[in-house]
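First the structure, in the form of structure tokens, and then the observations on it.
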Amino acid sequence: MTTTAAGAGPQSQISGSAPAGVDGFDADGPYRISGSVSVRPESFGALVYDFHTRRLSFLKTRMLVRVVETLADHPDVHGALAAAEVPAHQREQYLKALAGLARAGTIKPREDAP
């Protein structure tokens, strides 16, 4: 079993507006949780399990859980970040966490926008 961690904690104090994407992750596009992934909320954030890869991941904050769970409700990642009330100075850190989740296959691009 592989364990990874994705999170965005308050320790980062990045100023300015968030970039459109990080590490090849297109935050201007629509995303959703992969169909093979289950999210189990926990006091620290959530456990994420992918039934295809058997990968267990941790979402380190409840705010990140809100972002991931509502990705499908928004036309782009920025909309999900805004709806979850992620502070502007933390958005780049959240984009990096989401880029990691995309690389792992936890979240996937959507073909259709709401």
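Just the heavy atoms: all of them, side chains too, but no hydrogens, waters or symmetry mates, feed the values below.
- When every heavy atom of V37 is checked against every heavy atom of G105, the shortest pair comes out as CG2-O, 4.4 Å.
- With rounding to the nearest 0.5 Å, the separation of CD in Q90 from CE in M63 is 6.5 Å.
- Residues L56 and V48 form no side-chain contact, since every pair of their non-hydrogen atoms from C-beta on lies 4.5 Å or further apart.
- A heavy-atom distance below 4.5 Å is not found between the side chains of R32 and I107.
- Expressed to the nearest 0.5 Å, how far CZ of R110 lies from CG of D76 amounts to 9.0 Å.
- In terms of the salt bridge (charged side-chain N to carboxylate O under 4.0 Å, His left out) criterion, residue partners of E42 (sequence neighbours excluded) are, by chain and number, R40.
- Between the OG atom in S57 and the CG atom in L101 there is a gap of 7.0 Å [rounded to 0.5 Å].
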Practice prompt. Decide side-chain contact (heavy atoms from CB on, under 4.5 Å) for L98 and Y31; before the verdict, give the C-alpha distance in whole Å, the side-chain angles of both, and the deciding distance to 0.1 Å.
Written response: CA-CA 10 Å; L98 291 166; Y31 282 80; over 6 Å; no
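- When all heavy atoms of L95 and F25 are compared, the pair lying nearest together is O-CD2, 4.0 Å.
- For the atom pair R55 CZ and D50 CG, the distance stands at 8.0 Å (nearest 0.5 Å).
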Practice prompt. List the steps, then state whether side-chain contact (heavy atoms from CB on, under 4.5 Å) holds for L64 with V86.
Written response: CA-CA 9 Å; L64 182 58; V86 175; over 6 Å; no
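- Side-chain contact between I33 and L71 is absent, with no heavy atoms from C-beta onward closer than 4.5 Å.
- In this structure, the side chain of T106 does not engage the main chain of A102 through any donor-acceptor pair within 3.5 Å.
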Worksheet entry | Y94/T61 under side-chain hydrogen bond (donor to acceptor under 3.5 Å, both in side chains): CA gap, chis, key distance, verdict | CA-CA 10 Å; Y94 276 76; T61 68; 3.3 Å; yes
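- Note that OH of Y49 and OG of S36 are 10.0 Å apart. Values are rounded to the nearest 0.5 Å.
- Although no hydrogens or angles enter the test, the distance criterion places no donor-acceptor pair under 3.5 Å between the side chain of R62 and the main chain of F44.
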